[in-house]
Amino acid sequence: MDADIPYLLLTPGPLTTTGSVRDAMRVDYSTWDIDYNQRVVEIRSQLVQLASSSPGYTAVLMQGSGTFAVEATIGSVIPPDGKLLVISNGAYGNRISQITRCLKIPLQELSYSETEPPDLDQIRTTLKNDAAITHVAMVHCETTTGMLNPAEEIGKIVAEAGKDYILDAMSSFGGIPLSMETFHVDYLISSANKCIQGVPGFGFVIANQKKLEQTKGFARSLSLDLFDQWNEMEHKGGKWRYTSPTHVVCAFLQALKELQAEGGVTQRHARYLDNQSTLVSAMQNLGLHTLLPRALQSPIITSFYYPDSPLFSFQQFYDELKKRRYVIYPGKISQADTFRIGNIGNVFPADMQNLVVQISQVLDTMGSSPGEVIKSNS
Ligand SMILES: *Cc1c(COP(=O)(O)O)cnc(C)c1O
């Protein structure tokens, strides 16, 4: 761990960035200046290249956290007479439904439990039986649990049914290989502070350009009008509408360079997989178990059950780990007591190993290590 950071964030974003990404924020740029707008142009082009290898795709950046980009997309691409099917198995999927309701857009939901993958046959049937549905939205990696949803298989079903597909790839884009073409995605949403390893401040949408161009005037919001923002960026040399997060943009361009230097998405994915498997095997050696079976688990974030001990307190566990310079994440599901550990950011397998050494010591001092239970039983 770098000596100049107080602790390692093992969280799904904001996450631990490199010193060079943080350093890229040292210059103040004017939003009217070519030096700055040229960076925006460069970022948009690199994002499209990361998501696709064929022409016909474009990128829009949007101020705000990731949810703002989701809301901009839902509120801007569905026509006035459109209807959205949301496939959900966690808090972020439910948030898409909440946005849709808030915008008073007709909604159909297929909801599954937080540990259950979506049912492909049910999706097929729903699309067949409800001709009013024009768009389908789903989360790729459900950060609530760490589950990786079958976005490619579902993309195929959506394309066969002739609907438009919106994918919340917030916590997977840049860390898990995917492509707009093979996943049949029309609108892919992500943000600066997840697997690209930038800092928070904007989200972005990679879109099928022909489809986006047909959405003029659909937006149900002024500041979150995706078409209008795209139109400005596309035709005014990288200009945003309204003040943009200039420092965040500079950090993001540096983060994109570092993604390339690491070997692109394939290599970053390999590192995250390595982080995740190192973490899980070390935790299992301590007697701590994952919420999800391996087959459903993404390399992005991992949920663990609390140790089976009445002496365990999450707050105390969290505080003790923070003193030891590791910040973990609380659980977010209703069905079980869990905590989460992020596997993304500028973190490496050795960090995961050190973390689990600290976890073992903290559980020992709390008297709640799974090993203690075995000892007292024998
Ligand atoms: C992080 C995240 C979001 C956006 O959350 P914000 O707090 O608004 O940045 C949306 N969907 C998923 C799956 C996420 O992981």
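Note: hydrogens, waters and symmetry copies are ignored here, and every other heavy atom, side chains too, is used. When a ligand or atom number is given, it counts from 1 through the structure's own listing order.
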**Prompt:** With atoms numbered from 1 as shown, which atoms in ligand 1 lie under 4.0 angstrom from a non-hydrogen atom of S171?
**Reply:** 15 (O)
**Request:** Give me the one residue out of V70, N193, L188 that meets side-chain contact (heavy atoms from CB on, under 4.5 Å) with M170.
**Result:** V70
**Asked** Which atoms of ligand 1 have any heavy atom of V139 under 4.0 Å away?
**Response** 13 (C)
**Asked** Can you check whether F68 has an N/O within less than 3.5 Å of an N/O in ligand 1?
**Response** no
**Request:** Check whether more than 12 heavy atoms from other residues, nucleotides or ligands sit under 6.0 Å from atom NZ of K211, and answer yes or no.
**Result:** yes
**Message:** Which of the numbered atoms in ligand 1 are under 4.0 angstrom from any heavy atom belonging to T67?
**Reply:** 4 (C), 5 (O), 6 (P), 8 (O)
**Item:** Sub-4.0 Å heavy-atom contact, K194 with ligand 1
**Value:** yes
**Message:** Between ligand 1 and D168, is the shortest N or O to N or O distance under 3.5 Å?
**Reply:** yes
**Prompt:** Using heavy atoms and a threshold below 4.0 Å, how should the contact between H140 and ligand 1 be classified: side chain, backbone, both, or neither?
**Reply:** neither
**Request:** Compute the shortest N/O to N/O distance between T143 and ligand 1 and return yes if it is under 3.5 Å, no if not.
**Result:** yes
**Item:** Nearest-contact summary for atom 3 (C) of ligand 1 - protein heavy atom, Å
**Value:** M170 CG, 3.4 Å
**Request:** Just say parallel, tilted or perpendicular for the rings of F252 and F204, cut-offs at 30° and 60°.
**Result:** tilted
**Message:** Is it the case that the side chains of T126 and Q108 hold a donor-acceptor pair, with the cut-off being a distance below 3.5 Å and no angle test?
**Reply:** no
**Asked** When you measure from atom 9 (O) of ligand 1 to every protein heavy atom, which one gives the shortest distance, and what is it?
**Response** G66 N, 3.1 Å
**Request:** Applying salt bridge (Lys or Arg N to Asp or Glu O under 4.0 Å), run through R124 and D121 and close with a yes or a no.
**Result:** CA-CA 5 Å; R124 237 178 245 115; D121 282 332; 2.6 Å; yes
**Message:** I want to know if ligand 1 touches S191 in the polar sense, i.e. an N/O pair below 3.5 angstrom.
**Reply:** no
**Asked** Is the count of non-hydrogen atoms from other residues, nucleotides or ligands lying under 6.0 Å from K239 atom NZ greater than 12?
**Response** yes
**Prompt:** When rounded to the nearest 0.5 angstrom, what is the spacing between CD1 in I166 and CG in D164?
**Reply:** 7.5 Å
**Message:** One residue to check: C141. Relative to ligand 1, which of side chain, backbone, both or neither has a non-hydrogen atom less than 4.0 Å away?
**Reply:** backbone
**Request:** Walk me through it: do E160 and K156 pass the test salt bridge (Lys or Arg N to Asp or Glu O under 4.0 Å)?
**Result:** CA-CA 6 Å; E160 278 165 6; K156 198 156 171 273; 3.6 Å; yes
**Prompt:** Does S172 reach ligand 1, in the sense of a heavy atom lying below 4.0 Å from it?
**Reply:** no
**Complete:** From the list S172, S171, S298, side-chain hydrogen bond (donor to acceptor under 3.5 Å, both in side chains) partner of H140 resolves to S172
